[in-house]
Amino acid sequence: MDKAKKLLLIDGNSVAFRAFFALHQSLERFVNHDGLHTNAIYGFKKMLDNILTQVQPTHILVAFDAGKKTFRTEKFSDYKGGRSKTPSELSEQFPYLRKLLSAYGITSYELADYEADDIIGTLASQAEATDFSVTIVTGDRDLTQLATKKTTVAVTQKGVSEIELYTPAHVQEKYELTPQQIVDLKGLAGDASDNYPGVTKVGQKTALRLLHQFGSVAGIYEHLDEIKASKMKEHLIEDQKVAFLCRDLAQIRQDAPVEVQINDLKWQGKNQPELISFFEEMDFRSFLTEIQPENQPVAAIEKLPVKVLQESNLADLPTQPAVVSFQLEMNGDNYHTAPFIGFTLAVDQVFYAARNVELLKSPPLKNWLESSQVKIDLFDGKRTLVGLQRLGIHLSAVDFDLLLVSYLLDTSDNSNDLGKLAQQHGYTAVVSDEEFYGRGAKYQIPSDDQLLFQHLAQKVLAISKLKVPLLKKLQANQQADLYLKIEKPLSLVLAAMEIAGIKIDTQRLTEMDSEFKEKISELEELIYQEAGEKFNLNSPKQLGVILFEKLKLPVIKKTKTGYSTAVDVLEKLRGMAPIVDNILNYRQIAKLQSTYVTGLLKVVSDQDQKVHTRYTQTLTATGRLSSVDPNLQNIPIRLAEGRKIRQAFVPSQPGWQIFSSDYSQIELRVLAHVSQDQNMQQSFKDGVDIHANTAMKIFGLQDANEVTPNMRRQAKAVNFGIVYGISDYGLSQNIGISRAQAKKFIEKYFEIFPGVHDYMKQIVKTAKEQGYVETIFKRRRYLPQIKSSNYNLRSFAERTAMNTPIQGSAADIIKVAMIRMQRTLAEKHLQAKMLLQVHDELIFEAPVSEIPILEELVPKIMDSAVSLAVPLKVESAHGNTWFDAK
DNA sequence: TGCATCACG
DNA sequence: ACGTACGTGATGCAC
């Protein structure tokens with residue numbers, strides 16, 4: 001027997017609004033990997049599931065408002081006037097809501113000049129005329145006017161899960177009115193949210209009383225003479241036209257020119273693959289597991305035919321394939337030391353795998369990897385290269401590096417896991433390592449060969465499947481050069497630097513260790529005496545109690561968790577109690593001790609007395625590198641005490657020295673270039689001291705000699721502030737001046753450098769229009785929050801828009817220099833080795849005899865890496881240790 | 001695991 | 001009226 005026909009009609013806009021505000025508090029938790037807000041989509045989906053289970057419809061349509069202009073605004077220009085703009089965090093979700101519906105197999109519909117209500121009213125009445133029953137879902141009580149014997153109106157309550165069902169009986173019970181009288185009610189009382197007035201001074205209460213007596217608006221005016229003379233009666237007479245107009249506005253149309261046929265709305269069910277890919281796009285993990293429970297995907301995914309490689313069958317492999325996808329699996333992040341797990345290869349859609357990585361040393365595998373004729377596709381070339389190097393295999397070229405490419409496509413998405421990345425790009429057959437191996441104590445490498453090899457094979461398959469689409473995207477973004485000429489060659493350069501490592505004078509560190517130990521215990525004793533008790537000095541919480549409760553020092557600043565005891569606070573308390581100075585000293589030395597003495601000693605390799613950092617090439621949002629394990633980009637230099645740590649960084653061979661070159665003010669030069677500010681460009685062309693020059697200009701001095709050190713210091717801070725996307729408050733905090741004074745500085749600065757001012761305004765505008773900003777080499781950073789209605793988020797995005805092209809372009813430039821540098825050293829057969837990069841500085845070791853060559857060569861390569869509108873300036877130094885290279 | 005602190009450009 | 005500098009990593013504490 002045929003199921004009874006049930007039509008479900010949903011007011012898309014109103015339900016989306018409800019869902020959005022129900023989850024408004026968690027707005028920032030519902031953001032997907034592209035920065036899209038997803039709370040309304042999430043809530044809508046939950047609600048939709050509820051309704052589908054409750055109603056069991058056979059036919060469905062979701063109606064949307066077509067736009068601001070409707071027949072109602074024609075009749076009453078201020079209809080829905082004064083309503084605040086839909087938040088951008090919601091409006092950006094509407095296109096995806098339609099995508100969700102499409103995956104659910106549900107029709108979305110809108111009609112020019114009509115609101116969603118009218119589409120619903122029209123379809124409901126058409127459906128009733130045949131043999132349908134109808135359920136309407138909305139967040140708007142006005143729609144209860146549509147309730148009939150065959151039509152139920154479900155109004156969502158506060159959350160997204162609860163609904164209130166309005167039948168004519170329920171309407172009667174709640175308002176003592178028939179559904180049709182709701183329209184009359186609105187006509188009399190008006191509607192604040194739709195911004196139409198109704199009759200003056202008549203509200204809900206009076207309107208209800210009148211309707212109970214006369215039945216309708218028309219009824220009231222027919223029986224006006226029965227109403228006693230009163231202010232209200234005068235208002236009724238005066239506002240008669242308004243009353244009928246408002247009634248008309250409230251009346252939902254049931255004759256709109258809707259083009260869809262109800263029979264076409266038959267629901268065929270959800271489209272599972274479309275839904276999976278949509279949930280992935282939205283990062284809705286819980287919904288994903290809901291529709292594909294844990295074991296299902298494994299079962300559903302086709303098992304790949306993997307051939308297990310052994311000594312005995314290596315000879316069966318082709319001698320020189322055109323393309324090989326390769327994965328070298330290791331246990332742990334630190335690929336300099338991580339144990340090998342195994343490897344896989346995909347060649348002509350055939351998969352090979354083995355646990356024994358020694359096999360890679362034999363032909364033909366070694367030949368493939370070292371050949372320049374075989375295209376190697378992989379994930380994380382640097383990691384692979386270092387791993388292979390440990391096996392004595394020299395990977396010479398990579399064709400496609402999935403990790404690098406996907407980082408360039410979106411620098412804010414810096415996941416380091418092949419499975420996660422592949423899923424984000426729509427390829428779902430491969431799971432994340434965390435999911436496959438487990439995490440922390442649960443980490444386990446499967447002993448079952450087939451299980452392990454399937455995972456590895458899925459990885460290489462993902463690499464080859466994603467190669468073409470991602471390279472296409474790169475092309476579309478005009479980023480192919482950035483990949484081919486900068487990032488890919490750089491990964492090989494970085495690998496070489498990491499492998500080279502830098503030698504540590506552990507004896508020097510051990511000396512410092514005992515020195516510091518002594519000083520620390522002296523200071524500890526002093527502090528405990530002054531405090532009158534022992535406590536944990538390293539605990540800001542306990543220190544706070546001592547300083548601000550026991551010693552009653554004034555509280556300058558608070559943190560989320562209590563009193564702040566940070567340097568800038570302690571600086572202000574200096575002189576109020578001797579303990580403060582001692583704490584500052586203690587902090588300084590304790591930091592050196594824990595991070596740079598014992599910390600560094602912990603990571604020195606026993607094999608070669610060197611530290612081998614890892615540069616993370618795909619992490620920062622601006623394009624800079626970062627350095628981990630150990631971080632060699634934050635070795636102390638500013639304070640004399642800390643600077644001595646650099647004495648422990650020494651050349652790896654006797655008779656060699658450390659050589660260092662750094663760009664001078666590269667970020668300001670980039671700013672002068674991108675902003676095209678003539679004044680700033682001229683300063684750099686003239687080769688003047690830029691900070692002193694800025695000081696002269698903002699303090700209105702005639703002569704450079706009049707610039708005091710303090711003026712120069714302040715001007716330098718302004719220059720920095722400009723690069724960071726300045727705010728008067730930030731500047732005032734930084735140099736300890738009033739906010740008003742800071743504001744004057746900034747205004748003066750923009751007067752002097754109008755091009756910079758224009759650039760800052762322009763870049764924010766560009767970011768708003770295109771959604772991202774770019775560096776000079778087209779590195780891209782998306783800034784979805786630049787349209788946020790939240791002031792803080794938006795301001796942050798604006799400052800980022802100003803800063804990223806500057807910081808990022810500087811990063812591009814030094815990367816180009818590094819690649820050329822490495823090539824030149826090889827071409828000239830120099831023994832010198834490039835060891836470290838510290839954002840605007842390159843550090844080498846070289847035989848003393850080569851130092852004069854480097855003094856010439858390195859600055860030449862660095863300052864000619866790009867050609868800007870201003871010259872680049874490079875300064876060099878050398879010495880027996882890193883400390884002495886100053 | 002998150003927070004506060006502090007090291008660098 | 002809002003509340004703020006940009007980009008990182010390591011350490012130790014407290015939950």
Side-chain angles (χ1 to χ4, degrees), chain A residues 411-412 414 439-440 535-544 557-570 583-584 586-600 602-603 613-616 619-639 641-643 645-646 662-668 671 717-735 739 742 746 773 781 789-808 810-811 814 836-842:
Chain A
T411 47
S412 7
N414 37 34
R439 212 183 68 174
F535 63 99
N536 188 343
L537 249 172
N538 292 321
S539 159
K541 198 178 163 194
Q542 294 183 34
L543 180 62
K557 201 168 73 179
K558 287 202 155 194
T559 65
K560 269 183 211 168
T561 49
Y563 312 111
S564 168
T565 66
V567 224
D568 56 320
V569 172
L570 296 185
I583 292 167
L584 282 166
Y586 171 88
R587 280 257 178 93
Q588 203 193 115
I589 296 172
K591 174 82 178 181
L592 293 175
Q593 172 78 326
S594 68
T595 306
Y596 298 104
V597 177
T598 56
L600 213 47
K602 265 187 245 168
V603 290
T613 187
R614 277 150 30 235
Y615 288 102
T616 34
L619 180 138
T620 70
T622 53
R624 274 191 176 183
L625 302 175
S626 88
S627 156
V628 291
D629 216 10
N631 178 357
L632 295 181
Q633 291 182 319
N634 70 348
I635 303 301
I637 190 165
R638 290 173 193 166
L639 299 173
E641 277 291 300
R643 194 171 191 156
I645 298 286
R646 295 182 174 224
D662 68 286
Y663 283 113
S664 157
Q665 284 117 20
I666 189 168
E667 294 193 345
L668 282 176
L671 174 60
V718 177
N719 277 327
F720 271 101
I722 294 290
V723 168
Y724 294 156
I726 200 146
S727 77
D728 49 11
Y729 180 86
L731 180 63
S732 73
Q733 286 298 298
N734 192 288
I735 51 177
R739 199 168 156 169
I746 295 166
V773 290
R781 179 174 186 177
S789 55
N790 178 321
Y791 177 88
N792 277 332
L793 295 176
R794 188 177 65 247
S795 302
F796 183 62
E798 287 171 359
R799 293 196 296 273
T800 312
M802 299 187 239
N803 175 261
T804 294
I806 302 172
Q807 189 184 118
I814 196 168
L836 305 174
Q837 187 251 42
V838 191
H839 309 306
D840 60 359
E841 180 186 10
L842 295 176

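We name chains A, B, ... by the order of the sequence lines, and we start the count at 1 in each one.
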Rounded to the Å, how far apart are A/Glu667 CD and C/dT8 C1'? 13 Å
Using the test side chain to side chain contact (heavy atoms under 4.5 Å, CB included), find all partners of A/Thr411 that sit at least two apart in sequence or belong to another chain. A/Tyr407, A/Arg779, A/Arg781
Pick base, sugar-phosphate or nothing for A/Arg587, based on heavy-atom distances below 4.0 Å to the nucleic acid. sugar-phosphate
Rounded to the nearest 0.5 Å, what's the gap from NE2 on A/His839 to CD on A/Glu667? Could you check? 10.0 Å
Heavy atoms, side chains only, cut-off 4.5 Å: are A/Thr561 and A/Lys541 in contact? no
Within a strict 4.5 Å, meaning less than it, do heavy atoms of the A/Leu625 and A/Gln633 side chains meet? yes
Those residues that, when tested against A/Tyr663, pass side chain to side chain donor-acceptor pair (under 3.5 Å) (two or more places apart): none
Could you tell me if the side chain of A/Asn634 sits less than 4.5 Å from the side chain of A/Tyr596, heavy atoms only? yes
Side chain to side chain, A/Val723 and A/Asn803, heavy atoms closer than 4.5 Å: yes
Could you give the OH-to-P distance, from A/Tyr729 to C/dA1, as a whole number of Å? 17 Å
Stems involving DNA chain C: give each as a range paired with a range, ordered by first number, where a stem means at least three consecutive Watson-Crick or G-U wobble pairs under 3.5 Å. B:1-9 with C:6-14
If you measure from the ring centre of A/Tyr791 to the centre of the six-membered ring in the base of C/dC2, is it under 5.5 Å, with the planes under 30° apart? no
Under 4.0 angstrom, heavy atoms only, what part of the nucleic acid is A/Ile635 near: base, sugar-phosphate, or nothing? sugar-phosphate
Interatomic distance at P, C/dA5 relative to B/dC6, whole Å: 16 Å
Does a side-chain N or O from A/Ser795 land closer than 4.0 Å to OP1 or OP2 of C/dT4, or not? no
Take atom CZ of A/Phe720 as the centre, draw a 6.0 Å sphere, and report whether it contains more than 12 heavy atoms from other residues, nucleotides or ligands. no
Can you name the nearest heavy-atom pair linking A/Ile637 to A/Arg643, along with the distance? O-CD, 3.5 Å
Calculate the interatomic distance between A/Asn790 atom CG and C/dT4 atom P; express it in whole Å. 11 Å
Using a 4.0 Å heavy-atom cut-off across all strands, classify A/Leu619 as base, sugar-phosphate, or nothing. sugar-phosphate
If I take atom CG in residue A/Asp728 and atom C1' in nucleotide C/dA5, what distance separates them, rounded to the nearest angstrom? 11 Å
Just call it for A/Ile806: base, sugar-phosphate, or nothing, with non-hydrogen atoms closer than 4.0 Å on any strand. nothing
Pick the P atom in C/dT4 and in B/dT5, then give their distance to the nearest Å. 15 Å
B/S/- contact track for nucleotides 10-15 of chain C, protein heavy atom under 4.0 Å: BSSSSS
A/Asn719 side chain reached by A/Gln665 side chain, heavy atoms, under 4.5 Å: no
What does A/Ala621 touch in the nucleic acid at a heavy-atom separation under 4.0 angstrom: a base, only the sugar-phosphate, or nothing? sugar-phosphate
Where the side chain of A/Leu731 is defined as all heavy atoms beyond and including C-beta, which of C/dA5, C/dC6, C/dT4 is the nearest nucleotide? C/dA5
Does anyone know the first and last nucleotide of DNA chain B in reach of chain A, 5' to 3', at under 4.0 angstrom to a heavy atom? B/dT1 to B/dG9
If you look at every strand shown and take non-hydrogen atoms under 4.0 Å, does A/Arg643 touch a base, only sugar-phosphate, or nothing? nothing
Nearest-angstrom distance from the residue atom CD of A/Gln837 to C1' of C/dT8: 12 Å
Any donor-acceptor N/O pair, A/Arg646 side chain to A/Ile635 backbone, under 3.5 Å: yes
Name the nucleic acid region contacted by A/Ala742, choosing base, sugar-phosphate or nothing; use a 4.0 angstrom heavy-atom cut-off, strictly under. nothing
Non-neighbouring partners of A/Pro630 that pass side chain to side chain contact (heavy atoms under 4.5 Å, CB included), sequence neighbours left out: A/Leu600, A/Val603, A/Val611, A/Thr613, A/Leu632
Taking only N and O in the side chain of A/Arg799, is any of them less than 4.0 Å away from OP1 or OP2 of C/dC6? yes
